[in-house]
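For ligands, and for the atoms within them, numbers begin at 1 and follow the listed sequence.
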Amino acid sequence: MSNRTFTMIKPDATSKGYTGAILDQIIKAGFSVKAMKWTKLTKEQAGLFYDVHRERGFFGELVEFMSSGSIVAAILEKENAVEDFRTLIGATNPANAAEGTIRKNFAASIGENAVHGSDSDENAKIEGDFFFSKLEIF
Ligand code: ATP
Ligand code: MG
């Protein structure tokens, strides 16, 4: 069990003006921010971030979408962070997401689903290090 996870607020949510409301929900759920940046991915960077999905049918669509606008990347801390954050964001497809979850509240579709959350402690570390240098993490 780790106490850190990594998240991105995705381009659909930043462009609709949901960033503040999503961060508010994350912080009120008990997560504290240990690093954060508002930035934009190139196609190459988006492809590297989602490299595990390279062979999937939706990979091209995913890369186009994730590089289409700005994202907010953050490292979050809380007891049992990875699992609790996945519960907070809800199912990948917002149609299946539980009431009150971030994806239920803010996501439009399985592709444009408002937020990313790491799926393991190992990936949380890899993904945090993809975006942040040691100096930027406290
Ligand atoms: P994320 O990794 O972004 O937190 P997830 O872990 O819930 O999402 P994954 O299976 O890792 O889901 O898929 C990564 C992302 O790829 C999804 O969040 C979504 O944006 C996109 N995606 C997944 N399945 C599909 C699909 N069938 N069609 C279009 N896009 C998809
Ligand atoms: Mg995933």
Neighbour count >12 (heavy atoms, 6.0 Å) for atom NZ, Lys16: yes
SB check Lys125 Asp129 (cutoff 4.0 Å): yes
Pairing residues for Phe49 by the ring pair (Phe, Tyr, Trp, His ring centres under 6.0 Å) criterion, not counting sequence neighbours: Phe6, His116, Phe130, Phe131
Side chain to side chain contact (heavy atoms under 4.5 Å, CB included) partners of Ala21, counting only residues at least two apart: Phe106
Pocket residues of ligand 1, ordered first by chain and then by residue number (heavy-atom cut-off under 4.0 Å): Lys10, Tyr50, His53, Phe58, Glu61, Leu62, Arg86, Thr92, Arg103, Ile110, Gly111, Asn113, His116, Gly117
Enclosure of Glu136 CD (heavy-atom neighbours >12, cutoff 6.0 Å): yes
Partners passing side chain to side chain contact (heavy atoms under 4.5 Å, CB included) against Ser109 (at least two apart in sequence or in another chain): Glu112
